[in-house]
Amino acid sequence: MSVWEPDDRIDRSPTVLSSALALLAAVFAATANADVPVAFLTCVLGVLVLGAGLLTGRQFAVTAGAGVLVLGSLVGGTQDAPVLVTLVGVATGLLAFDLGSTAVTLGEQLGREADTTQVELVHAVASTLVSGVLVGAGFGIHEAASGGQPLSGVLGLLIAVLVLIAALRRADPIR
Amino acid sequence: MNLRRLLVVAGVVLFGLGVLDLFELRPVPFPASETLLTLLGAVAVLYGGSALLEQRREGSGPAETPDVELATPPEIPGTDLGATLEGIPGVEAVRSEAVPSVRGELRKAATAFLTQYRGLDSETAWEQVTAGTWTEDSYATGFLTGEGVSFRQRARTLVRADGATSRDRAVDAVAEIAGVEPDESADSADVALSSDIDETGTDSLTPGSIDGQHRSSRHRTNHWTGVSVVVLVCLGAGVILREPGVLLAGVVAVGYAAYARATPPGTVALSATRSVDATDPEPGDEVTVTVTLTNEGGFCPDLRVVDGVPESLTVADGSPRSATALRAGESVTLSYTVTVRPGVHEFGPALVLARNLSNSVEQEFLLPAPATLAAVHRPEPVEEPVPLRHQPTQYAGRAPTDTGGEGIEFHTVREYQPGDSMTRIDWNRRARTGELTTLEFRRERATRVMLLVDIRPEAHVGHSPRSQDAVERSVEAAQRILPALLAAGHLVGVGAFGPQDCFLAPDTGTSHRQQGRQLLATDPAFGARTDPEHDQRYWLRRLRKRLPGDTQLLVFSPLLDTRAVQVVRRLEAYGHPVTVLSPDVTTSATSSRRLMRARRRLMMTDLRQTGVPVLDWSPGTRLEELFRRERATR
């Protein structure tokens, strides 16, 4: 009665569905920035790093890849890309990070053999909806404020956001 | 709490002011200079950096799950060179050093082997070892004498590049005295696999890890760590560069952060039931296990389940893991098959990781779902007679003795004595010669045998991480020998050679056979390795008290340590003839394992010299073959 086979080791690589969706989001972020060469190239680098991270199951590479994607979109924003493109780039970059690290943790905790499709779908749909709403909100603010931006107003907004983040950091669900 | 409220109020007021100013409804009272803005942007970027560092320090994250699918592999003997050397019995002529070193211990070991296998007395052996004349191998002698190897030879080794250090060469040379040769075909994959397993472990979810009904811990997953950094970098950079697109990207990231924080972790109420589809499985069967989880609370968007498969079982098919989203009242079923091994296996609780929708918080639960799975060997008895030692009892049986009397096989003829049975008078001879003689037959008598299985932690070792350990092999052999001995008319008992309390006195009969089989199959003493809570010192005394006087012993032990040898010798000295059936679990994969093999040979030689027969049972051999060979050599 054999007890141990080397193939018995649990395959803890990232789950397939979330990995594929994360890559899709990353590619979408890159194509959104296709008009600005610097941003596009940075985004392509991000996609490659993210893909490598998903292949090897390394959370660090996934985070770094998504970070490069976001950075690429921001670079696009400084290079006169339309505001909507920057917003979509950053939002999908963050979405790629979310889905990618979901794939990594699901893989680490449960492995590829377990049935995880339902959870992955629920999570992906929720995150995609949130990113859509956020892009809409950001673009709405831009449209409303595009008449001209008094710097004092921006300053006020900036301080307001900082203070709200500090408040959110304290409003931690873990007590 | 108060500070938080204050921050929220301040944030909202400032936000309102900003919006007012943006839409030029009313001028804001404070001046907004360019430098102040740039400074603030830099502060935001710096804050982002510090947040990143802080999060990294926090260290909490997604919970780790154990490899429940795998059974704990047996340890391979001789992995640690120091421990292997320590267990080699010393010789009188050699004084121990104040500070034990590998070199010193190896010298002692070499002396012990030389004394045993080359017939030297211990002083000559010690001289040879210190002088370096006992072997041709200059690396080995160089290491043992402490002189090292000449530079030229060392350079030659570099060219040959077989990678062995001079210490390994010395260890191999010592093992070779006992006839253990390096084996090229030794499975190096096994060595790699065992170190691989040592790293990760295969710990199970044990029922002991629950306190109370459900133990849950709620913690952050750090899933969204990067987002607040993105927020701050976007805002800072946006302000410094005066880019509305970058600034607004910060708003998107803020939204994500809010989403991560705002989704409630919720309260999770689950119940679990487990069913095992076999009532009386045979070892080796595949049994389906089904676990059903029912959500008795509200909507759970993300449940990850790892079932508590017993540590002693491996999952054959399917996965004991699952992830699902459950609405209130819904339930999920996961099923998988396990390969049954002999013994009693208890299922642990299922580990449930419940996450909120945004994956920012994770709660851990242990859901108890008790079930046990017991499998009993139905072994065929050994077909060859078991090589026992001569020690008859007064009961009739089948072990032939050297004295004449009633029986079947002819033994001698002697003069008639009054009182001899009429049936045993040789009437043919009486008719021929008129002499009255009595026929003597070989007396056949039963023997009382106690099967003792070594279950001490030292015996829970195997020759490969995929193999059965010595205890399992011993129990399997005992299961086959027990019915064979009973069928031969002997009185047979079963017991543990170790601190656990497990003893079945020698007896005979069908119900006794059942009892013995059941004991070997299900007694926890013969099961997986347990922590030695039991008294290590007095078990031998207790065992001796229980052994009936004229009982011979069949000890199943891998014979890897001096303690086993000591106990066997002591039992022999107490008047119990001992036979040792020793499953070989040593390998020749690395030099320290070869030394372990040599050490075991030394133990066996030692025992054989005191008159105890030792049957060396290598992994591929059938018991019948082993017994046949043993009888041929006797």
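All chains are named by letter (A, B, ...) in the order of the sequence lines, taking the proteins before the strands, and each is independently numbered beginning at 1.
- Within the structure, side-chain hydrogen bond (donor to acceptor under 3.5 Å, both in side chains) pairs that include any residue of residues 90-106 of chain A comprise A:Asp98-A:His123, A:Asp98-A:Ser127, A:Asp98-B:His223, A:Ser101-B:His223, A:Thr102-A:His123, A:Thr102-B:Asn359 (at least two apart or interchain).
- Neither the backbone nor the side chain of A:Leu71 comes within contact range of chain B; no heavy atom of the residue lies under 4.5 Å from a heavy atom of that chain.
- The choice from A:Thr116, A:Thr86, A:Val83, A:Thr78 that makes the most heavy-atom pairs within less than 4.5 Å of chain B is A:Thr78.
- Of the two parts of A:Leu106, the backbone and the side chain both hold a non-hydrogen atom closer than 4.5 Å to a non-hydrogen atom of chain B.
- Heavy atoms closer than 4.5 Å to chain A are found in the backbone of B:Val305, but not in its side chain.
- Counting heavy-atom pairs closer than 4.5 Å to chain A, the top residue among B:Val246, B:Val251, B:Val227 is B:Val246.
- The nearest pair of heavy atoms linking B:Ala249 to A:Val90 is CB-CG2, 3.6 Å.
- Proximity to chain B (any heavy atom under 4.5 Å) is restricted, for A:Glu108, to the backbone atoms N, CA, C and O.
- Heavy-atom distances place both the backbone and the side chain of B:Val252 under 4.5 Å from chain A.
- No part of B:Leu313 comes within reach of chain A, as not one of its non-hydrogen atoms sits under 4.5 angstrom from that chain.
- Contact annotation for A:Thr15: neither backbone nor side-chain heavy atoms come within less than 4.5 Å of a heavy atom of chain B.
- Rounding to the nearest 0.5 angstrom, the gap separating the OH atom in B:Tyr259 from the CG atom in A:Leu94 is 12.5 Å.
- Interatomic distance, A:Gln118 CD to B:Ser322 OG, rounded to the nearest 0.5 Å: 8.5 Å.
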inquiry  = Determine whether B:Leu357 and A:Val122 satisfy the following criterion, side-chain contact (heavy atoms from CB on, under 4.5 Å), listing intermediate values before the conclusion.
reply    = CA-CA 8 Å; B:Leu357 191 59; A:Val122 167; 3.8 Å; yes
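- Once rounded to the nearest 0.5 Å, the distance linking CD of A:Glu113 with CG of B:Asp317 reads 8.0 Å.
- Scanning both residues, A:Val119 and B:Ala325, for their nearest heavy atoms gives CG2-N, 3.7 Å.
- For B:Ala237, no part sits under 4.5 Å from any heavy atom of chain A, backbone or side chain.
- Most heavy-atom pairs under 4.5 Å with chain B: of the set A:Asp80, A:Leu87, A:Val70, A:Leu84, this distinction falls to A:Leu87.
- Heavy atoms from other residues, nucleotides or ligands lying under 6.0 Å from CZ of A:Arg58 number 12 at most.
- Contacts of A:Ala137 with chain B are absent, with no heavy-atom separation under 4.5 Å from either backbone or side chain.
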